[in-house]
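Report on the following structure.
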Amino acid sequence: MRRRHPFARIMKVCLICAFVPVLNSMFYALNSSYYARWYYMPVLVLCAATAMTLQKANLCETEYRRALGLVALCTLSSIAFALVPNEKDGTTTIGVVEEPLRYWGILLVSMLGVGLFWLLLHYRRQLAARFPAAVLAVVLGFSFVYGQVHLSITKYGQWYHDADYVQQTWREAPELNAVLPDDVFCRLDAYDSYNNLGLWLDKSCIQFFNSTVAPSILEFYPTVGVKRDVNSKPEASLYALRGLLSVRYTLVPKEKVEDWEKEKLEGWNLVSSTTSYLIYENENWVPMGFTYDSYITEEDFETVSDTHAGNVLMKALLLTDEQVERYGQMMQNLTDDEKNNISYEDYVQDCTARRESAVTSFTATRTGFTAQADLEAENLVLFSVPYDDGFTATVNGVPAEVEKVDNGLMAVAVPAGHSEIVFTYHTAGLRQSVAVSAGAIVVYAVWVAVLHRKKRREESSVG
């Protein structure tokens, strides 16, 4: 309709971005994990461009054959990926698509859509005034067909996997809460269970599926041998991480008990059970908030393997060089011999030492958390809470600097004697964004008023 229309320009830019990896990743903050959901935006632009073309009968008749041919050709061109010979491990197969059934199903539905659109345009004159109704009917029918195909090849298989979901979450939550102690804060672990079990119990759980998390989590987990994308699933073999994160109980679905026992983990005792779960208690549990006798520098920590990082972080607090200058006198530098003592027995001793230096109480609040401490000497108190710019802290009512330690956790300096520690969270940048939004609303209101006044003047001049 107009080759220089904004829609045309947008589509050209999006097409280039789609084929250039760096430009494609700009849509999700230059993340290295491939994410294609931004394609929804150009797809909506295509829909709008199609609707605009349909509004022009003459243009539609002259353009639709070329446009449909181009769309059909582009759609069918992907067949090359499904038919190209592929040799791997000495075996030749046809196609490089990972899920052939899904691919052919989506391809057939896509071509069905192209065919239905061709039929609508081909019989547009015969339909005349009924054309909008025909378009609506075809869109609704096609949506139903596509929905069924999509569900059948992607979701129906989950029926077997999710068969016990209701029982092991919603129905089980009251029973679990009845047997889990609620007198002191602790974290849970859920072994090979459904996602986000902690949300059903209103308790903190290290097995968590959520993409809206503090960025420091993405810094911390990779350094302790845990892959973090939109999910946190620390392997059961990383036992030292449980002590560091104050995990007291692990919930094991009864049908997974055999797999749990194969892990051969020490220090976990069966203490209770419910209809669907066995509950194991960590005898090496360390309460939230504790101090250290030693610290380790970033340079020394880089020599520690990811699988043993949790063991070392139970021995010493990881500090930057700047933090060492400020707080190093409170602790001693971890020696190489101590760093290499990473047996289970060493871990048990470290947990005992951290328990003895832990705060006397820890309480999670709606705005953060509070803690009470009785220290023999001034020291940094570590809280295994992800560092975030929105946190502020006070110690005995005096503002204290929140330190980012252990590649993503928080600590605060606490003096000797009895102290009250208060961490408060306010979303960083929220006040500024509210002010900007309020200003934008005012500007928009003024602009609308100007347009309304201009329109009234034009109407009066015409009259």
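Note that this is a predicted model, so its numbers are computed, not measured. Atoms considered below: every heavy atom in the structure, side chains included; atoms not considered: hydrogens, waters and symmetry mates.
For an aromatic pair to be called close, the ring centres must be under 6.0 Å apart, and Tyr280 with Trp260 satisfies this.
The closest side-chain heavy-atom distance from Leu409 to Tyr387 is not below 4.5 Å. Using a 4.5 Å heavy-atom threshold, the side chains of Glu403 and Met410 count as separate. Between Phe290 and Val381 there is no side-chain heavy-atom pair separated by less than 4.5 Å.
The two residues Pro415 and Asn396 come nearest to each other via the heavy atoms CG-ND2, 4.1 Å. Taking each heavy atom of Arg354 and Tyr292 in turn, the nearest pair found is CD-CE2, 3.7 Å.
Looking at Arg326 and Glu401, a side-chain N of the basic residue comes within less than 4.0 Å of a carboxylate O on the acidic one, giving a salt bridge. A salt bridge links Arg248 with Glu281: at least one charged nitrogen is closer than 4.0 Å to a carboxylate oxygen.
In this pair, Tyr344 and Tyr347 present their aromatic rings tilted. The plane angle is within the 30 to 60° band. Below 30°, between 30° and 60°, or above 60°: for Tyr165 and Tyr194 the angle between ring planes is above 60°, a perpendicular geometry. Aromatic ring pairs are classed by plane angle as parallel below 30°, tilted from 30° to 60° and perpendicular above 60°; the pair Phe362 and Phe383 is tilted.
Put simply, the side chain of Tyr277 gets close to the backbone of Gln168: a donor and an acceptor are under 3.5 Å apart.
Within 6.0 Å of CD in Glu235 there are 12 or fewer heavy atoms belonging to other residues, nucleotides or ligands.
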